[in-house]
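Numbering of ligands and ligand atoms starts at 1, following listing order. Just the heavy atoms: all of them, side chains too, but no hydrogens, waters or symmetry mates, feed the values below.
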Amino acid sequence: MIKMRDIIREGNDTLRAEAKPVKFPLSPTDKKLAEDMMAYLENSQDPELAKKYGLRAGVGLAAPQVDISKQMAAVLVPAEDDSAKPVFKDVIINPVIISHSVQAGALTEGEGCLSVDRDISGYVIRHDRITLRYYNMAGEQKKIRLKNYPAIVCQHEIDHLHGILFYDHINDDNPFAAEDDLVLIS
Ligand SMILES: O=CN(O)C[C@@H](CC1CCCC1)C(=O)N1NCCC[C@H]1C(=O)Nc1ccccn1
Ligand code: NI
């Protein structure tokens, strides 16, 4: 079971490394890693389990965050009303953004990261809409279009696979500088 102690923090070089593509069929080790990363997200989004194991709730977790420099990330974006099924749930392997909107998007509240133990405010400028090609755990190639929050989450995770952290996208001179057509996502 992945716990907070397994998540590496700023200063660990793995967070700034280019992760390696994953080979298919998944090795038993890679399969277990994918399952464990998704389990972390599920556990962390359950208030009782999160409390019991001291987990920070997360909607994404990339392999480099558990010190494995491979191109794999679990994403679990819950539905607004918990009853319904998640907005997006999958382990994205060797993901590539094959096209995206010109229009930018950013979370109104800014972003955080389980690997960054400090608050850094400002708009994290990303694409508002993306077309994402990736492989799932079964090795099936997927091509999906995402917009707004799920698109932001996947971009945050894909960045981790290329050694990029959220605050790399914050304008140093004016953290809240916004193009007039920036989509602010709440
Ligand atoms: O690389 C992956 N990470 O670093 C985990 C991050 C990923 C998200 C940050 C912005 C876009 C993707 C994460 O999830 N968070 N960032 C730090 C603390 C909060 C937490 C979060 O947003 N939690 C959450 C949100 C809605 C519902 C449930 N939980
Ligand atoms: Ni992160």
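The environment of CD in E42 is crowded: more than 12 heavy-atom neighbours from other residues, nucleotides or ligands sit within 6.0 Å.
Among the atoms of L114, some N or O lies under 3.5 angstrom from an N or O of ligand 1. In terms of polar-atom proximity, I152 is not counted as a contact of ligand 1, lacking any N or O under 3.5 Å from an N or O of the ligand. Considering both main-chain and side-chain atoms, V59 comes within under 3.5 Å of ligand 1 through a nitrogen or oxygen pair. Looking at ligand 1, you'll find an N or O of E157 within less than 3.5 Å of one of its N or O atoms.
Using bins of under 30°, 30° to 60° and over 60° for the plane-to-plane angle, the ring pair Y134/F88 lands in the perpendicular bin.
One side chain, Y167 or E10, offers a donor N or O that lies under 3.5 Å from an acceptor on the other. Side-chain N/O atoms of S101 and D128 include no donor and acceptor closer than 3.5 Å.
The part of Y149 lying near ligand 1 is the side chain, judged by heavy-atom distances below 4.0 Å.
I130 contributes atom CD1, which lies 5.0 Å from atom CD of Q155 (distance to the nearest 0.5 angstrom).
With atom 6 (C) of ligand 1 as the reference point, the heavy atom nearest to it among G112, P150, S115 is part of G112.
V59 and L61 fall into different hydrophobic clusters, where Ile, Leu, Val, Met, Phe, Trp and Tyr side chains are chained together by heavy-atom contacts under 4.5 Å.
Centred on the Ni ion (ligand 2), the NE2 atom of H160 and the SG atom of C113 lie at an angle of 100°, reported to 10°.
Near R56, meaning under 4.0 Å from one of its heavy atoms, ligand 1 places the atoms 17 (C), 18 (C). Atom numbering of ligand 1 starts at 1 in the shown order; those under 4.0 Å from a heavy atom of G58 are 14 (O), 23 (N). Proximity to E111 (heavy-atom distance under 4.0 Å) selects the following atoms of ligand 1: 10 (C).
At least one donor-acceptor pair closer than 3.5 Å links the side chain of Q71 to the backbone N or O of A19.
Every heavy atom of A62 sits 4.0 Å or more from the atoms of ligand 1.
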